[in-house]
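Remarks on the structure that follows.
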Amino acid sequence: MSEKLYFCEELNETLTCFHDKITSCCSSPNGPIYVENYNGKNLDFKILNEKKQEFFSLFNEENIKKSPCFGCFSLRERKTEDVITNKYKMIHISHWTHCNCGCIYCARMKDSKGKITTKKAKSEYYDMLPVVKQLYKNDLLDKENLIACIQGGDISVLKEFDKLVKEFLKQGIKQFYFLSNNINYQPIIKKLLDINKASFTTSLDCASRELYYKLKRVDKFEESVKNLRKYAKGNQNPPITVKYIVVEHLNDNIQEMKNFIDLIQSIGIKNIEFMIDNKYVLCDHTKVHIPKHYGELYLFFKEYCKKQNLNFIIWDKVEFLINKYLL
């Protein structure tokens, strides 16, 4: 019998750039790390390929427990058609910590120190544009199939944002995936949505101004809803997803969820995502107990979306955790 081998699409095809490190994926704090304590300088691009090969060399029965991927929900048995590539089809850009709101559930709160930035600003750590240019120069990005995910609070506050978008467009990118809190309307995003060159995800989390302020610490509910209407206008099926992040003792009840789903439907958006507080997701979940009633909320949310003819979306890791620990 041949030795069992393992594989992961994210390790093979994804590169994630955080403010302090460059990693393979963003689904776990313990995942494969290419460069620690990165500050934008002296990046040896050859090390990315070498590290990837090193990570994959542990994907067998003998060594899998030594791998930083051991126990990850994305790990699966390797198939004959799986081929390790030297190019990345997905790049996550999350290299800064400035934001114009202060969501109480933010996974980056310790990095931003809770400060709220309303004017365009540079990253306190490094510029991403030179890194992207070098990745292209070293032929590490799959131009034809590349998806660039630009995220982190409200990306309109990032000084590099427009330049990054234009660089990817110049290189012939396949698709953008924008994640933003949607406080500021951005015409360039609307243009890309209208030509099916981008998708857009934001988290509104509620259907009232009062609750929005409690969750996000800024009084911008009306602006965010208005911007959603502008992005969705003129498109029968806008490529927009609105998240409902469940936060205990605030919006963790069926009535709030119902109000939220009804609001998003009235805007004309078809895609709604169920999410739970990151403190239960980006951690060692064996040591953190997810509130039991989150399972009931998940089931209601899913069924009500179906009843309203809306597309229910859930991150596979969140669904994995709910099914394993709550249902």
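Other residues, nucleotides and ligands contribute more than 12 heavy atoms inside 6.0 Å of the NZ atom of Lys190. Counting non-hydrogen atoms of other residues, nucleotides and ligands closer than 6.0 Å to NZ of Lys270 gives a total of 12 or fewer. No more than 12 heavy atoms of other residues, nucleotides or ligands sit less than 6.0 Å from atom OH of Tyr213.
Within the 4.5 Å cutoff, the side chain of Asn181 has no heavy atoms near those of the Ile155 side chain. Side-chain atoms of Ile22 and Thr16, non-hydrogen and from C-beta on, never get closer than 4.5 Å to each other. The shortest side-chain heavy-atom distance between Thr97 and Tyr125 falls under the 4.5 Å cut-off. Using a 4.5 Å heavy-atom cutoff, the side chains of Tyr298 and Val318 are not in contact. Using a 4.5 Å cut-off on side-chain heavy atoms (C-beta onward), Val157 and Asp154 make contact. By the 4.5 Å heavy-atom criterion applied to side chains, Phe301 and Ile261 are counted as neighbours. Residues Ile314 and Ile322 have side chains in contact (heavy-atom distance under 4.5 Å, counting atoms from C-beta outward). Using a 4.5 Å heavy-atom cutoff, the side chains of Leu15 and Thr23 are not in contact.
For Tyr244 and Phe260, the ring centers are positioned less than 6.0 Å apart. Residues Phe56 and Phe59 place their aromatic rings such that the two centres sit under 6.0 Å apart. Aromatic pair Phe161/Phe178: ring centres closer than 6.0 Å. Proximity of the aromatic rings of Phe18 and Tyr38 is defined here by a centroid distance below 6.0 angstrom, and this criterion is not met. Aromatic ring centroids of His95 and Tyr126 lie under 6.0 Å apart.
Under the side-chain contact (heavy atoms from CB on, under 4.5 Å) rule, Tyr212 has a single partner from Lys214, Lys216, Arg209, which is Lys216.
The aromatic rings of Tyr294 and Tyr280 sit perpendicular, their planes meeting at an angle over 60°, well past the 30° parallel limit.
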TODO: Apply side-chain contact (heavy atoms from CB on, under 4.5 Å) to Leu250 and Leu211, showing your working.
DONE: CA-CA 8 Å; Leu250 285 174; Leu211 190 50; 4.2 Å; yes
Open item on the list: Could you go through Phe312 and Ile272, starting from their C-alpha distance and side-chain angles, then the distance that decides it, and tell me whether this counts as side-chain contact (heavy atoms from CB on, under 4.5 Å)?
Closed with: CA-CA 5 Å; Phe312 171 82; Ile272 301 185; over 6 Å; no
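Taking every heavy atom of both residues into account, Pro68 and Leu58 meet most closely at CD-CD1, 4.5 Å. Taking every heavy atom of both residues into account, Leu326 and Ile290 meet most closely at CD2-O, 3.7 Å.
With hydrogens and angles left out, the side-chain atoms of Asn259 and Gln255 include a donor and acceptor closer than 3.5 Å. A side-chain donor from one of Asn63 and Lys66 sits under 3.5 Å from a side-chain acceptor of the other. Residues Thr202 and Asn182 have side chains that never bring a donor and an acceptor to within less than 3.5 angstrom of each other. Using modelled atom types, one finds a donor on one side chain and an acceptor on the other under 3.5 Å when comparing Ser203 with Tyr105.
In terms of modelled atom types and a separation under 3.5 Å, the side chain of Glu160 and the main chain of Met128 share a donor-acceptor contact. The backbone N or O of Glu256 lies less than 3.5 Å from a partner atom in the side chain of Asn253, making a donor-acceptor pair. At least one donor-acceptor pair closer than 3.5 Å links the side chain of Asn251 to the backbone N or O of Ile245. When atom types are taken as modelled, the side chain of Asp252 and the backbone of His249 share a donor-acceptor pair closer than 3.5 angstrom.
One finds a salt bridge joining Arg76 and Glu9 here, because a Lys/Arg side-chain nitrogen approaches an Asp/Glu carboxylate oxygen to under 4.0 Å.
Considering CG of Asp262 and CD1 of Ile267, their distance stands at 11.5 Å, rounded to 0.5 Å.
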